[in-house]
Amino acid sequence: MAQLFSPGADAIYRLALLTGVACLAGIPIVAAGIVRSDYVTGVGVAPAQPVPFSHKHHSGELGVDCRYCHTTVETQATAGIPPTHTCMTCHSQIWTGSDMLKPVRDSFARDEPLQWVRLNKLPSYVYYNHSVHVTKGIGCSTCHGDVTSMQMTYRANAFEMQFCLDCHRDPAKYIRPQEQVWNMTWKPPENQATLGPELVAKNHIRGGERLTECAICHR
């Protein structure tokens, strides 16, 4: 009787079986990598906006304070998107005929807000309060990167849960003096290990387990 399978068939079968198991085991890993990739999170991607607003020019070169446009950052949960009349306080006097700024002039004339593409958006089940963070000494650049160097604004961090937990578990590593909150190029000084805990105590920040309770962010 002729042999049905070749001598190497068993080895091929085992190899195919192991390959299949490895592929199945690798699917979650690949999926997790894709979900966390910049392509999905949008990190580093500057989307097209109705007006090519440059933070580098306005904040970096001209020195416009963050709070001039984001007026509620110190008092409310949201930092606020500037209305068109904020833009027109300057652009009713300068670059008044610029084609690039035509959408701004049209928005102002029609009393219709510009439809900006939002970059930093948290899920609806996550509570975040800008005023609490900036008044306690967490600077803008900790989350948003050096915005003053961004010609076109992009998302600097993915804001995954781990990103928030790292800071909540040890805020002393990230806290800075109040006068440095708006400094986009601030880096922790050499004495941060000493300064950080002092600022945490001064600002009455609850650290450790209390800041990682679920209800802090999920309300």
Side-chain angles (χ1 to χ4, degrees), residues 42-43 45-96 98 100-159 163-164 167 171 174-186 199 202-205 216-217 219:
V43 171
V45 179
Q49 298 284 3
V51 179
F53 180 86
S54 170
H55 274 89
K56 180 178 181 180
H57 174 63
H58 289 81
S59 299
E61 297 171 358
L62 299 180
V64 177
D65 192 287
C66 306
R67 293 162 288 185
Y68 183 77
C69 296
H70 304 289
T71 56
T72 58
V73 67
E74 294 178 290
T75 59
Q76 297 182 25
T78 59
I81 300 295
T84 305
H85 70 74
T86 299
C87 308
M88 291 301 289
T89 53
C90 291
H91 289 297
S92 62
Q93 305 296 321
I94 58 175
W95 293 83
T96 56
S98 170
M100 182 174 61
L101 296 178
K102 186 178 184 301
V104 177
R105 296 192 298 272
D106 291 346
S107 169
F108 186 71
R110 297 171 184 167
D111 194 24
E112 297 176 354
L114 290 165
Q115 299 300 312
W116 298 100
V117 176
R118 188 170 180 176
L119 296 178
N120 301 293
K121 186 176 182 180
L122 296 175
S124 59
Y125 53 81
V126 176
Y127 175 78
Y128 180 85
N129 190 307
H130 275 86
S131 65
V132 170
H133 288 78
V134 299
T135 57
K136 294 293 187 179
I138 300 301
C140 306
S141 61
T142 298
C143 297
H144 298 298
D146 181 8
V147 178
T148 57
S149 68
M150 298 180 187
Q151 192 66 265
M152 295 292 104
T153 312
Y154 55 84
R155 190 174 188 176
N157 290 293
F159 299 137
F163 179 84
C164 302
C167 187
Y174 305 92
I175 193 171
R176 60 181 83 174
Q178 193 60 42
E179 66 273 12
Q180 295 296 330
V181 165
W182 317 105
N183 180 2
M184 295 294 175
T185 60
W186 181 86
L199 291 173
K202 177 183 177 182
N203 292 334
H204 307 289
I205 297 175
I216 293 293
C217 299
R219 303 182 182 183

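Here the structure is a predicted model, which is why all the values come from computation and not from measurement. Both backbone and side-chain heavy atoms feed into the values below; hydrogens, waters and symmetry mates do not.
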Checking His130 against Cys140 for the side-chain contact (heavy atoms from CB on, under 4.5 Å) test, could you report, in this order, the C-alpha distance in whole Å, the side-chain angles of both residues, the deciding distance, and whether it holds? CA-CA 9 Å; His130 275 86; Cys140 306; over 6 Å; no

Distance check, rounded to the nearest 0.5 Å: Thr86 atom OG1 versus Ile81 atom CD1? 11.0 Å

Would the number of heavy atoms belonging to other residues, nucleotides or ligands and lying under 6.0 Å from CH2 of Trp95 be above 12? no

Whether the side chain of Gln49 engages the backbone of Val117 through a donor-acceptor N/O pair (distance < 3.5 Å, no angle test) should be reported. yes

Less than 6.0 Å separating the ring centroids of Phe108 and His85? no

With the threshold set at 4.0 Å, does a side-chain nitrogen-carboxylate oxygen contact exist between Lys56 and Glu61? no

Heavy-atom closest contact (Asn157 atom, Val43 atom, distance): C-CG2, 3.7 Å

Reported NZ-to-CD1 distance for the pair Lys202 and Ile175, which is rounded to 0.5 angstrom: 9.5 Å

Mark yes or no for whether Thr96, through its side chain, and Ser92, through its backbone, hold a donor-acceptor pair below 3.5 Å. no

Regarding Tyr68 and Ser59, do their side chains bring together a donor and an acceptor under 3.5 Å, going by distance alone? no

Ignoring hydrogens and geometry beyond distance, is a side-chain donor-acceptor pair present between Gln151 and Ser54 at under 3.5 Å? yes

For Val51 and Trp116, work out which heavy atoms get closest and say how close. O-CZ3, 3.5 Å

Could you tell me which non-hydrogen atom of Thr72 sits nearest to which non-hydrogen atom of Thr78, and how far apart they are? OG1-O, 2.7 Å

Do you know which two heavy atoms are closest between Trp186 and Pro177, and how far apart they sit? NE1-CD, 4.4 Å

Within the supplied structure, the quantity of interest is the number of heavy atoms (other residues, nucleotides, ligands) at a distance under 6.0 Å from Asp111 CG; does it exceed 12? no

Where do His144 and Asn120 land on the side-chain contact (heavy atoms from CB on, under 4.5 Å) test, with the steps shown first? CA-CA 8 Å; His144 298 298; Asn120 301 293; 3.4 Å; yes

With heavy-atom distances below 4.5 Å as the criterion, would you say the side chains of Ser141 and Asn183 are in contact? no

Would you compute the distance between atom NE2 of His91 and atom OG1 of Thr84 and round it to the nearest 0.5 angstrom? 11.5 Å

Going through the checks in order, is the side-chain contact (heavy atoms from CB on, under 4.5 Å) test met by Val45 and Arg155? CA-CA 7 Å; Val45 179; Arg155 190 174 188 176; over 6 Å; no

On a heavy-atom basis, which atom in Val147 and which in Met184 lie closest, and how many Å separate them? N-SD, 4.0 Å

Mind checking whether Ile138 and Val181 have side chains closer than 4.5 Å, heavy atoms only? no

Check: Arg176 side chain, Leu199 main-chain N or O, donor-acceptor pair, under 3.5 Å: no

Test item: Thr142 and Cys167 side chains (from C-beta on) under 4.5 Å apart, heavy atoms: no

If you apply the rule side-chain contact (heavy atoms from CB on, under 4.5 Å), what do you find for Leu122 with Tyr128, and how did you get there? CA-CA 8 Å; Leu122 296 175; Tyr128 180 85; 3.5 Å; yes

Between Arg105 and Ser98, do the side chains contain an N or O donor and an N or O acceptor separated by less than 3.5 Å? no

Asp146 (side chain) donor-acceptor with Thr148 (main chain) under 3.5 angstrom: yes

Rounded distance (nearest 0.5 Å) linking atom NZ of Lys121 with atom CZ of Phe159: 14.0 Å

Gap separating the CZ atom of Phe53 from the SG atom of Cys69, nearest 0.5 angstrom: 5.5 Å

Please report the shortest heavy-atom distance between Val134 and Gln178, naming the atom on each side. O-NE2, 2.9 Å

Would you give the length of the straight line joining atom NE2 of His55 to atom SG of Cys66, rounded to the nearest 0.5 angstrom? 7.5 Å

